[in-house]
Protein chains: 4
Amino acid sequence: MPHRNSRRTNPRPRPEEGSEPEKRRAILHAAVRVFAAKGYHGCRIADVARQAGVAYGLVYHYFQNKDELLESVFAEQWTILLNALEAIRSGPGTSLEQLASVCRFVLDVFRTAPDAVRVLILEVARAPDSLRAGSTRQTFEAAVRLVSEMVRRGQETGEIRHELDPMVTAACLLGAIELTLTGLVLGILGGPSPSEQEIERLEGQVVATVLGGLASTRR
Amino acid sequence: MPHRNSRRTNPRPRPEEGSEPEKRRAILHAAVRVFAAKGYHGCRIADVARQAGVAYGLVYHYFQNKDELLESVFAEQWTILLNALEAIRSGPGTSLEQLASVCRFVLDVFRTAPDAVRVLILEVARAPDSLRAGSTRQTFEAAVRLVSEMVRRGQETGEIRHELDPMVTAACLLGAIELTLTGLVLGILGGPSPSEQEIERLEGQVVATVLGGLASTRR
Amino acid sequence: MPHRNSRRTNPRPRPEEGSEPEKRRAILHAAVRVFAAKGYHGCRIADVARQAGVAYGLVYHYFQNKDELLESVFAEQWTILLNALEAIRSGPGTSLEQLASVCRFVLDVFRTAPDAVRVLILEVARAPDSLRAGSTRQTFEAAVRLVSEMVRRGQETGEIRHELDPMVTAACLLGAIELTLTGLVLGILGGPSPSEQEIERLEGQVVATVLGGLASTRR
Amino acid sequence: MPHRNSRRTNPRPRPEEGSEPEKRRAILHAAVRVFAAKGYHGCRIADVARQAGVAYGLVYHYFQNKDELLESVFAEQWTILLNALEAIRSGPGTSLEQLASVCRFVLDVFRTAPDAVRVLILEVARAPDSLRAGSTRQTFEAAVRLVSEMVRRGQETGEIRHELDPMVTAACLLGAIELTLTGLVLGILGGPSPSEQEIERLEGQVVATVLGGLASTRR
DNA sequence: TATGAATGAGAGTTCATTCAT
DNA sequence: CATGAATGAACTCTCATTCAT
């Protein structure tokens with residue numbers, strides 16, 4: 001009986017520099033959707049395979065195990081977000097304008113790809129330690145650091161108050177976005193199925209709240 | 001003949017009508033801890049029973065099933081928080097002072113009972129729909145509304161900017177708190193095991209950020 | 001400590017020589033009903049206790065365990081049947097008349113106490129070996145023997161064909177009754193809720209079929 | 001290029017489109033045996049899997065749950081019986097001969113496959129309502145109807161007494177067979193392990209009893 | 001007698017993972 | 001690459017039985 005591979009010349013099963021097998025992609029996309037819909041633990045391999053229209057076992061051909069799959073989902077989504085944040089940071093505009101862009105960007109993405117955002121935002125810290133210990137935590141931290149960097153630069157230029165801790169400020173800003181999104185998802189804000197205009201209005205509100213603060217006068 | 005006592009002639013210290021059985025309480029407490037440590041799906045009945053020091057089956061004596069148990073946990077924790085928020089709202093102080101108190105209160109509780117806070121904050125929206133559809137969503141919404149009410153009153157007294165939407169503002173405030181807590185839990189803020197002083201500092205930072213906003217000058 | 005009851009002149013709860021405690025009786029009655037409704041394995045102690053209106057533990061006060069309880073139910077029901085069969089046997093009438101009475105008796109009882117009959121007839125051989133090994137098998141066999149005795153006597157008087165094996169004949173007769181009852185219970189015979197008249201008609205049919213046989217002419 | 005096969009050169013014994021997977025069959029067979037040995041409620045999935053020599057989970061690969069498995073067992077066995085009855089009915093012979101064949105057939109099958117018969121005969125009406133409501137009740141009724149049809153035809157040809165109700169007669173006949181089998185199973189008839197000859201003798205006895213009736217003379 | 005809280009073994013079901021084809 | 005049958009550990013839930021009061 002011929003063994004699997006006479007010489008193992010690696011005919012091609014390797015991710016072949018850059019070009020990713022189409023089915024791998026399908027699985028990843030499916031995972032995002034299922035993940036978003038059912039959460040980390042509710043997301044079963046069978047669901048992902050069915051959603052992707054591939055055979056059960058193929059998932060294990062491309063991913064070591066469930067954790068690696070979901071870790072990949074996280075990583076990919078975060079990478080997209082990080083790239084966007086980085087683009088904003090290295091782009092034009094004052095720090096305050098950049099931070100406003102961050103708010104708008106996330107809520108904008110939600111409008112077009114709510115699943116991805118849910119995965120990104122709502123599932124952080126929900127995954128098991130194994131995940132958190134992995135790249136996810138790092139990328140999450142990276143996002144906070146990136147935003148805190150914008151804050152720090154704003155402090156240098158005098159746009160942002162010096163007394164604020166950039167990291168805490170970044171956390172507050174991202175947290176404000178997150179819970180606004182949660183409110184949206186749960187239907188507490190914006191109603192059961194918010195219109196695009198409504199979401200735009202919420203964007204403006206979040207920006208105003210976070211940048212300007214609640215108080216009408218400075219103490 | 002001396003009757004045992006004025007009203008309650010219960011010969012044996014029976015589960016004292018109306019008062020909650022001690023073991024039920026133990027199970028609930030254990031559930032909070034396990035829940036916080038492992039999340040909704042990672043939380044197994046066996047863990048809860050062991051943690052509570054009771055037999056497996058007893059959990060099912062007091063609770064219909066896993067969902068009802070965890071729903072109870074949610075309900076209890078939220079009730080505690082809601083009561084505290086309500087106490088703050090109906091207490092003394094200006095609206096801004098009250099909102100500052102809210103920030104401080106949650107972070108304070110975290111210092112003394114991090115598990116409860118994790119359950120409360122980190123698990124919202126993570127539970128299955130059955131839970132979200134239940135009392136949890138309502139109480140979550142209640143919390144947002146309570147805070148938004150404080151905001152609204154602050155707008156009436158002129159302390160808080162009129163252009164802000166109270167609900168969005170409340171969501172931002174609670175979100176800022178939440179992600180700061182998440183940062184604490186993950187060790188991104190305050191280091192691996194933050195001192196009480198460090199947490200106090202973070203409290204001040206969050207209050208300053210949220211109430212005063214990021215911008216050093218108003219547009 | 002004051003004892004339970006200053007006077008407590010034993011109003012009656014004592015087993016009072018020979019007289020069976022009222023609650024024991026209630027449990028037994030309840031067991032018959034539950035047993036009939038749910039079958040041996042579907043019958044839970046909790047159901048019996050609730051149906052009897054007594055506390056859980058009391059069942060174990062009067063009966064060693066579930067098997068003993070259900071064995072008691074069997075024994076009691078069979079005893080009633082055996083006594084009736086014996087009364088018929090030692091009573092007046094030819095053998096054929098007696099056997100007709102047996103048919104009528106069982107179907108009659110069904111009319112007034114279908115539960116008891118179901119337990120008696122439908123549950124034989126369904127119970128675990130432990131039960132079958134016990135008195136149930138013996139009483140079941142006793143019933144067959146009793147009927148076969150009537151058959152034997154009929155053969156002696158020439159009423160019944162000599163070529164028949166009394167035991168097989170008895171089994172056939174009881175079997176005919178049983179499946180007719182099953183048909184009644186399942187609604188295949190007599191419709192969903194048969195009238196008394198309908199049951200009477202079935203009685204006559206069974207008697208005619210069993211005693212006279214199917215064939216219109218003897219070979 | 002050699003086409004797949006002349007008839008059966010299947011390189012891999014794949015589940016052969018359309019044909020039933022071999023292991024599914026093994027599970028079904030095992031279920032019959034375990035079912036017969038322990039009854040509906042005593043029959044555990046683990047037993048079936050072990051008996052079939054397959055892994056626990058495979059049972060759930062082929063069957064939704066325990067009820068569906070046992071329903072399948074019922075359905076299959078009844079189908080076999082129904083087919084046999086139908087074959088007898090549409091075959092040659094007078095009605096009386098056909099009915100005699102029915103008696104002989106069932107007792108014959110018992111000789112070669114006692115398990116299947118036990119399942120078929122002894123477990124009817126013992127299963128939970130869910131089962132009874134399903135195909136089982138219908139097929140049971142179908143069997144009674146099939147036999148009653150033979151009776152009716154016998155009445156038309158004058159072989160069978162006109163005064164008998166075909167349905168009741170059919171029930172009596174099948175009941176006679178059933179309780180004779182029960183007697184066999186319990187060792188009340190034919191002794192602990194009856195020889196084939198003994199069973200043949202019982203067959204004759206049952207036929208004689210049912211067809212000819214008990215009475216030696218017609219009233 | 002009587003109660004019902006407490007126990008824990010056992011059974012059904014799910015699902016990540018492996019493997020032969 | 002691709003498939004999906006096969007495996008079995010893990011988990012939820014049930015219920016007979018015990019026991020302190």
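Letters A, B, ... mirror the listed sequences (proteins, then strands); counts begin at 1.
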Please give, in whole Å, the distance from F:dA5 P to D:Phe63 CZ?
13 Å
Rounded to whole Å, how long is the line connecting atom CG of D:Leu58 with atom C1' of E:dG12?
16 Å
Whether B:Tyr56 contacts F:dT12 is assessed here as follows: a side-chain N or O lying under 4.0 Å from the phosphate OP1 or OP2. Is that the case?
yes
Does C:Glu68 use its side chain to pair, donor to acceptor, with the backbone of C:Gln64 at less than 3.5 Å?
yes
A:Arg50 CZ - F:dG4 P separation (whole Å)
12 Å
If you assign each of C:Lys23 and D:Lys66 to its closest nucleotide in DNA chain E, which residue comes earlier from the 5' end?
C:Lys23
Paired to F:dA2 by Watson-Crick or G-U wobble criteria (both distances under 3.5 Å) is E:dT21
Do the side chain of A:Lys66 and the main chain of A:Cys43 share a donor and acceptor less than 3.5 angstrom apart?
yes
Closest nucleotide among F:dG8, E:dG12, E:dG8 to the B:Ala55 side chain:
E:dG8
Any side-chain to backbone donor/acceptor pair from D:Lys23 onto D:Leu58? Under 3.5 Å, distance only.
no
Contacts of B:Tyr62 and D:Arg44 projected onto DNA chain E by closest heavy atom; the upstream (5') one is B:Tyr62
Value in whole Å for how far the P atom of E:dA11 lies from CG of D:Leu70
15 Å
Watson-Crick or G-U wobble partner of E:dA11, both distances under 3.5 Å:
F:dT12
With DNA chain F as reference, determine whether D:Arg24 or B:Cys43 sits nearer its 5' end, using the nearest nucleotide of each.
D:Arg24
Separation of C:Ile27 atom CD1 from F:dA16 atom C1', in whole Å?
15 Å
A:Ile45 has an atom CD1; how far is it from atom P of E:dC15, in whole Å?
11 Å
Could you state the atom-to-atom distance from CD of D:Gln64 to P of E:dC15 in whole Å?
13 Å
Is any side-chain heavy atom of C:Arg24 closer than 4.5 Å to one of C:Phe63?
yes
Closer than 4.0 Å, any side-chain N/O of D:His61 to the OP1 or OP2 of F:dA5?
yes
OP1, OP2 of E:dT17 versus side-chain N and O of A:Tyr60: anything below 4.0 Å?
yes
In whole angstroms, how far is the P atom of E:dT17 from the CG atom of A:Leu69?
10 Å
Side-chain (A:Glu76) to main-chain (A:Ser72) donor-acceptor, under 3.5 angstrom:
no
